Amino acid sequence: MRQTFYFNRAVAASIAALIIGAPAAFMLSRNYAPGGGSISNLTVGPISPPAEVAVAPRPQAPAAVQPAPAPVAREERTKSATAAGALGGRADGVAAPPPRLAGSVRDGAAQRLSRSIQPAKPVAAMNAEGVRPPRPVDTNVALESEFRDRFESKETSPVKLAATEPVSTFSIDVDAASYAFARRALNAGRLPPKDSVRVEEFVNYFPYDYPKPESAQTPFKPTITVTPSPWSAGNRLVHVAIQGYALQSAERPRANLVFLIDVSGSMSPQDRLPLVKNALRMLVDELKPEDSVALVTYASGSGVALEPTKLADKAKILAAIDALGAGGSTAGAQGIQDAYRLAESNFDRSAVNRVILATDGDFNVGVTDQSELKGLIERKREKGVFLSILGVGQGNYNDALMQALAQNGNGAAVYVDTLNEARKALVEEASSTLFPIAKDVKIQVEWNPARVSEYRLIGYETRALRREDFNNDKVDAGDVGSGHRVTAIYEITPADAEKKLVDDLRYGKKTPVAARGAESELGFLKLRYKLPKEEASRLITQPIGDSQSVDSLTRAPQDVRFSVAVAAFAQLLKGAPYLGDYGYDDVIALGQGAKGDDPFGYRAEFVNLARLAKSARQ
């Protein structure tokens, strides 16, 4: 009897559980069906098992959990990912891993944390030949925020009165990084940051066929052209072209080079370390058997990947370059110290001793104070070891630091955004990049107040010098490499012009009379420089007069017209307030008409960039 009683109670409990639980199970199935639909809406068919399933702990109570949004990738990584998805693999050609189903929000957070905090990778030992074996590129790098590039902010050069401030002094500049960076932005459909635009670097990016000097002892030949301004009626442009002497092959000194390569995790993308490796291969092909190359890498620490090696053993050098892989944080300062140590250990007073730093500019570990780094580079410069910069990447590019280091290291700052740009900088212009013909080159122009009311130097804001710096041989200035040319453009307002930006003083003194014999001169050009192995400067002078004038811009030389179009384009991008109604269509027309012989398509590309700028977003 007792057994029957307990059996009936168990049956009753089971029936009650079924009555209560069935509706709940039915409601749960509706809530958790894919797409929020009911079971009847599900498509029935064969089910493929997932490649990998992470099982989450069972929650205490059911709740609708939305997946966390994925971090926004940088533009170029998005493009790579899109291309990789179309091919069913990663952008580097490696097969993509099978999809992972996140079991919980906690799992996803742990995965993101593991990506952002990577353990430091040990420096691989070198093999018996002295070359570090290759390591895989670290593709598991935390994505960066966009538009964190850093540029030095400088006000546009102002208009000055010739009567009160007749002398203009600046250091020469042969860098071209600004133009390449702007090109990358415009090709991506956006305008470059205004602070990134340096007009002189746009103008000096292009090759020009200026009259050439005849001797390495007088390595510069100035050519001056005065033409009407295309954007301000009544004003004139003074175009100063300076061509440097091109060293013959027999005159070129031996090169003692140390490549200092950033191999931190941020250098993983294709437009960074892989691009640098291709650029270095091209540069090595331009060197001579007696030249030497060493290779230092830096990430969480630094290490010597290749001891100084003669180009006669090119295969060993190329193997060391091929072995480079990215991973870790960025201890740039330690790498610089190691590179200088190698350069000094192999120092040759008769050679060009140079460190070439290739980086995206992300110095985030170690010594990051700019003044400390600049002090180190200045001291090494005094010992005869110079520094050049090969910049890559965007989104975290520290242009301000790269410019400061290159200027203090008596070197050029090059920005490489494509393999074609690497070829231009390191193949076509290898001699001008590596082998200086003069150092501490300065320009000073004195304007004649009897002929010139106002003037402004177009660009060179970061290269301005004080008047007294011109004759002071202790003041550092720009260096010029073999065969390089430099262009500077002034806009002047004649003394008798009706329209001026600055009114004459009511109680001011009358315009002074020009020196005897100088009545026809608009101004006077001085060029001061030192030969590479000398510490005393030399001087070249030339008057600026009416004999160098043309009555219309169309009659100016082709190179002058094209450089004026480039100067106008850069001012438009920078937002300079002096162009009036002159716009991109005017730049396109002027540049198109002055392309001339354009074997590599640089000028045609410029005209296309001006077209892109018309529709680019801010």
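Computed from a predicted structure; not experimentally measured.
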* **Check against side-chain contact (heavy atoms from CB on, under 4.5 Å), T493 and L501** => CA-CA 9 Å; T493 302; L501 288 179; over 6 Å; no
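- Side chain of E454 to main chain of V159: no donor-acceptor pair is present (N/O by atom type, distance under 3.5 Å, no hydrogens or angles).
- Within the 4.5 Å cutoff, the side chain of M282 has heavy atoms near those of the L419 side chain.
- Between atom OG1 of residue T487 and atom CD1 of residue I172 there is a gap of 9.5 Å, rounded to the nearest 0.5 Å.
- At least one donor-acceptor pair under 3.5 Å links the side chain of D173 to the backbone N or O of D175.
- For the pair K424 and Y602, the cation-pi test (distance below 6.0 Å, angle within 45°) is passed.
- Panel note: side chain K154, backbone T462; no donor-acceptor pair is recorded below 3.5 Å.
- Minimum heavy-atom separation, V392 to Y415: C-CE1, 4.0 Å.
- Residues P228 and D551 fail the side-chain proximity criterion, which asks for heavy atoms closer than 4.5 Å.
- T418 and N420 share no donor-acceptor pair across their side chains, judged by distance under 3.5 Å alone.
- Using modelled atom types, no side-chain atom of S537 and backbone atom of D473 make a donor-acceptor pair closer than 3.5 Å.
- I336 places none of its side-chain heavy atoms less than 4.5 Å from the side chain of V355.
- Put simply, the side chain of S171 gets close to the backbone of G478: a donor and an acceptor are under 3.5 Å apart.
- Under the 3.5 Å distance criterion, the side-chain polar atoms of R272 are matched with a main-chain donor or acceptor of S266.
- Counting only distance, with no hydrogens or angles, the side chain of K221 and the backbone of A241 share no donor-acceptor pair below 3.5 Å.
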* Derivation of the side-chain hydrogen bond (donor to acceptor under 3.5 Å, both in side chains) call for W231 and Q571 -> CA-CA 12 Å; W231 51 75; Q571 291 178 88; 5.4 Å; no
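- Heavy-atom contacts from other residues, nucleotides or ligands closer than 6.0 Å to CD of E498 number 12 or fewer.
- Classification of D479 and R381 as a salt-bridged pair fails, no side-chain N sitting under 4.0 Å from a carboxylate O.
- Considering all non-hydrogen atoms of both residues, P274 and M267 come closest at CD-O, 4.0 Å.
- Here K442 does not pair with D469 in a salt bridge; the nearest charged N to carboxylate O distance is not below 4.0 Å.
- Minimum interatomic distance between E421 and V416 (heavy atoms only, all atoms of both residues): CG-CA, 4.0 Å.
- Atom CD in E429 sits 11.0 Å away from atom CG in L434 (nearest 0.5 Å).
- Aromatic ring pairs are classed by plane angle as parallel below 30°, tilted from 30° to 60° and perpendicular above 60°; the pair F202 and F569 is tilted.
- The backbone N or O of S178 sits less than 3.5 Å from a side-chain atom of E201, completing a donor-acceptor pair.
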* To do: Report the C-alpha distance between R354 and S388 in whole Å, list the side-chain angles of each, state the deciding distance to 0.1 Å, and finish with yes or no for side-chain hydrogen bond (donor to acceptor under 3.5 Å, both in side chains).
  => CA-CA 7 Å; R354 188 177 295 276; S388 293; 2.9 Å; yes
* To do: Under the side-chain hydrogen bond (donor to acceptor under 3.5 Å, both in side chains) rule, what do T554 and S552 come out as? Steps first, then yes or no, please.
  => CA-CA 5 Å; T554 57; S552 70; 3.0 Å; yes
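- If you take OG on S563 and CD on Q558, they are separated by 11.0 Å, rounding to the nearest 0.5 Å.
- The two residues L390 and A279 make their nearest non-hydrogen contact at CD2-CB, 4.4 Å.
- Taking both residues in full, the closest heavy atoms of A413 and A177 are given as O-CB, 3.6 Å, listed atom of the first, atom of the second, then distance.
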* Report the C-alpha distance between Y210 and I242 in whole Å, list the side-chain angles of each, state the deciding distance to 0.1 Å, and finish with yes or no for side-chain contact (heavy atoms from CB on, under 4.5 Å). => CA-CA 7 Å; Y210 296 147; I242 298 172; over 6 Å; no
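- Side-chain contact check for N410 versus P436: every heavy-atom pair is 4.5 Å or farther apart.
- Taking a cutoff of 4.0 Å between a charged side-chain nitrogen and a carboxylate oxygen, K614 and D585 qualify as a salt bridge.
- The minimum heavy-atom distance linking T164 with P166 is given by the pair C-CD, 3.7 Å.
- Of the inter-residue distances, the one linking D399 atom CG with E152 atom CD reads 9.0 Å to the nearest 0.5 angstrom.
- At distances below 3.5 Å, not a single donor-acceptor pair connects side-chain atoms of N278 with backbone N or O atoms of L275.
- With a 4.5 Å cut-off on side-chain heavy atoms, L191 and L573 count as touching.
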* To do: Mind running side-chain contact (heavy atoms from CB on, under 4.5 Å) on V475 and D440 for me, showing each step along the way?
  => CA-CA 8 Å; V475 173; D440 294 339; over 6 Å; no
* Step by step, would you call L590 with L553 a side-chain contact (heavy atoms from CB on, under 4.5 Å)? -> CA-CA 10 Å; L590 183 57; L553 184 58; 3.9 Å; yes
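- The structure places OG1 of T156 at 8.5 Å from CZ of R456, a figure rounded to the nearest 0.5 Å.
- Between I492 atom CD1 and L457 atom CG the span is 13.0 Å, to the nearest 0.5 Å.
- Side-chain contact between L237 and E491: present, with at least one pair of heavy atoms (C-beta onward) separated by less than 4.5 Å.
- The salt bridge (charged side-chain N to carboxylate O under 4.0 Å, His left out) analysis of residues 593-604, with sequence neighbours excluded, yields the pairs D559-R603.
- Residues P557 and H239 are not in side-chain contact: their nearest non-hydrogen atoms beyond the backbone lie 4.5 Å or more apart.
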* To do: Mind running side-chain hydrogen bond (donor to acceptor under 3.5 Å, both in side chains) on Y205 and R183 for me, showing each step along the way?
  => CA-CA 12 Å; Y205 177 85; R183 176 180 58 205; 2.9 Å; yes
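- Taking the six-membered ring where the residue is Trp, Y397 and F181 present parallel rings, their angle staying beneath 30° rather than reaching 60°.
- Of the possible polar contacts, one joining the E461 side chain to the S157 backbone as a donor-acceptor pair under 3.5 Å is found.
- With no hydrogens or angles considered, a side-chain donor-acceptor pair links S168 and Y490 at under 3.5 Å.
- Side chains of V445 and Y455 form no contact here, defined as non-hydrogen atoms less than 4.5 Å apart.
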